[in-house]
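Structure first, then comments.
Worth saying up front: this structure is predicted, and the values here are computed from it rather than measured.
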Amino acid sequence: MKKILETERLILREMTQDDYSDLCEILQDKETMYAYEHAFSDDEAQTWLEKQLNRYKNDGFGLWAVIEKTSGEFVGQCGITWQDIDGETVPEIGYLFKRKYWHNGYASEAAKACKEYAFDTLGFDRVYSIIRDNNYASQRVAERNGMKEVKTFIKHYYGMDMPHIVYCADKK
């Protein structure tokens, strides 16, 4: 398992197939996945994991496992992926955490570390977070990460048109 970065309380590392059950605890929880409008099937969760493994190989980054240092628990995933915003491909900081670990500041801590990594290690001048309009907790994480709302757009996903807010931060 390749460690990517470390914060005060967290280690972010590449996921492996061994993380499948922990990933399912996130992706198959309907309440956690409310902004996606559905919980994932076993096959969809496996495809999600394989997509991250391919991103590590092809892009050098992706969504990483977030491990709480003290307990060694897999608490969520956070990282950087290429995303499309109205035909423009941009680096996005994304995050999803197990519901039992919400409200501990883990998402903000991991997202801030990913922003620094995007600027300092990957050399990006700008990063984004693309957040569903009804996902207020994730919007607050983006704001705590120094991001500002720059636009809205409609993403077509799972047979629905879903309004999204685009947040952005520039390298200082």
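Heavy-atom minimum distance, Phe119 versus Ala169: CZ-O, 3.6 Å. Closest heavy-atom contact between Gln139 and Asn134: NE2-N, 4.2 Å. Here the closest non-hydrogen pair linking Val150 and Cys168 is CG1-CB, 3.8 Å. Of all heavy-atom pairs between Val75 and Phe97, the closest is O-CD2, 3.4 Å. Taking both residues in full, the closest heavy atoms of Met147 and Ser129 are given as SD-OG, 3.4 Å, listed atom of the first, atom of the second, then distance. When every heavy atom of Leu12 is checked against every heavy atom of Cys78, the shortest pair comes out as CD2-O, 3.9 Å.
A distance of 9.5 Å separates CG of Leu23 from CD of Gln17, quoted to the nearest 0.5 Å. Distance check, rounded to the nearest 0.5 Å: CG of Asp19 to CD1 of Ile26 gives 9.5 Å. Between the NZ atom in Lys155 and the CD atom in Gln83 there is a gap of 5.0 Å [rounded to 0.5 Å]. In this structure, CE in Met15 is found 5.5 Å from CG in Leu63, a value given to the nearest 0.5 Å.
Taking the salt bridge (Lys or Arg N to Asp or Glu O under 4.0 Å) definition, one finds that Asp161 meets it with nothing, sequence neighbours left out. In this view, Ser71 and Glu68, Glu73 satisfy the side chain to side chain contact (heavy atoms under 4.5 Å, CB included) rule, not counting sequence neighbours. For the salt bridge (Lys or Arg N to Asp or Glu O under 4.0 Å) test, residues two or more places apart in sequence or in another chain that qualify with Glu37 are Arg132.
Residue Phe153 qualifies as enclosed at atom CZ: its count of foreign heavy atoms under 6.0 Å is above 12. Other residues, nucleotides and ligands place no more than 12 heavy atoms under 6.0 Å from the CD atom of Glu8. For NZ of Lys171, the number of neighbouring non-hydrogen atoms (other residues, nucleotides, ligands) closer than 6.0 Å is greater than 12. In His103, the NE2 atom is not crowded: 12 or fewer heavy atoms of neighbouring residues, nucleotides or ligands sit closer than 6.0 Å. A 6.0 Å sphere centred on NZ of Lys69 holds more than 12 heavy atoms belonging to other residues, nucleotides or ligands.
Counted by atom type alone, Trp48 and Gln77 present one or more donor-acceptor pairs between their side chains at under 3.5 Å. Checking Asp42 against Gln28 by side-chain atom types alone, a donor-acceptor pair falls below 3.5 Å.
The cluster map of Ile, Leu, Val, Met, Phe, Trp and Tyr, joined by side-chain heavy atoms under 4.5 Å apart, puts Leu53 and Trp82 in the same cluster. Residues Val166 and Met162 are members of separate hydrophobic clusters, defined by side-chain heavy-atom contacts under 4.5 angstrom among Ile, Leu, Val, Met, Phe, Trp and Tyr. Residues Ile85 and Ile131 do not share a hydrophobic cluster, defined by chaining ILVMFWY side chains whose heavy atoms lie under 4.5 Å apart. Taken together through direct or relayed side-chain contacts under 4.5 Å among Ile, Leu, Val, Met, Phe, Trp and Tyr, Met160 and Ile165 form part of one hydrophobic cluster.
At distances below 3.5 Å, not a single donor-acceptor pair connects side-chain atoms of Gln52 with backbone N or O atoms of Gly62. Checking side-chain atoms of Glu14 against main-chain N and O of Tyr56 turns up no donor-acceptor pair under 3.5 Å. Without hydrogens or angle criteria, Lys115 side chain to Asn145 main chain gives a donor-acceptor distance under 3.5 Å. In this structure, the side chain of Asn104 engages the main chain of Tyr101 through a donor-acceptor pair within 3.5 Å. Between the side chain of Asn54 and the backbone N or O of Glu50, at least one donor-acceptor pair lies under 3.5 Å.
Between Trp64 and Ile80, some side-chain heavy-atom pair lies under the 4.5 Å cut-off. Asp43 has its side chain out of reach of Gln46: every pair of non-hydrogen atoms, C-beta onward, lies at least 4.5 Å apart.
With respect to Asp29 and Lys98, no salt bridge is recorded, no charged nitrogen being found less than 4.0 Å from a carboxylate O.
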Between Lys151 and Asp86, does a side chain to side chain contact (heavy atoms under 4.5 Å, CB included) hold up when you go through it step by step?
CA-CA 11 Å; Lys151 71 184 283 184; Asp86 289 337; 2.9 Å; yes
Does the pair Leu27 and Leu96 meet the rule for a side chain to side chain contact (heavy atoms under 4.5 Å, CB included), with working shown?
CA-CA 9 Å; Leu27 299 176; Leu96 279 168; 4.1 Å; yes
Can you give the donor-acceptor pairs under 3.5 Å from side chains of residues 121-128 to other protein atoms, not counting sequence neighbours?
residue, atom, partner, partner atom, Å
Arg126, NE, Asp170, OD1, 2.5
Arg126, NH2, Asp170, OD1, 3.0

Under 3.5 Å, which donor-acceptor pairs do the side chains of residues 87-95 form with other protein atoms, sequence neighbours left out?
residue, atom, partner, partner atom, Å
Glu92, OE2, Ile130, N, 2.8
Tyr95, OH, Ser138, O, 2.9
Tyr95, OH, Ala142, N, 3.4

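Screening Phe40, Tyr34, Tyr36 against His38 for a ring pair (Phe, Tyr, Trp, His ring centres under 6.0 Å) leaves a single residue, Phe40.
Every pair tested for salt bridge (Lys or Arg N to Asp or Glu O under 4.0 Å) that includes a residue from residues 141-150 fails, sequence neighbours excluded, so the list is empty.
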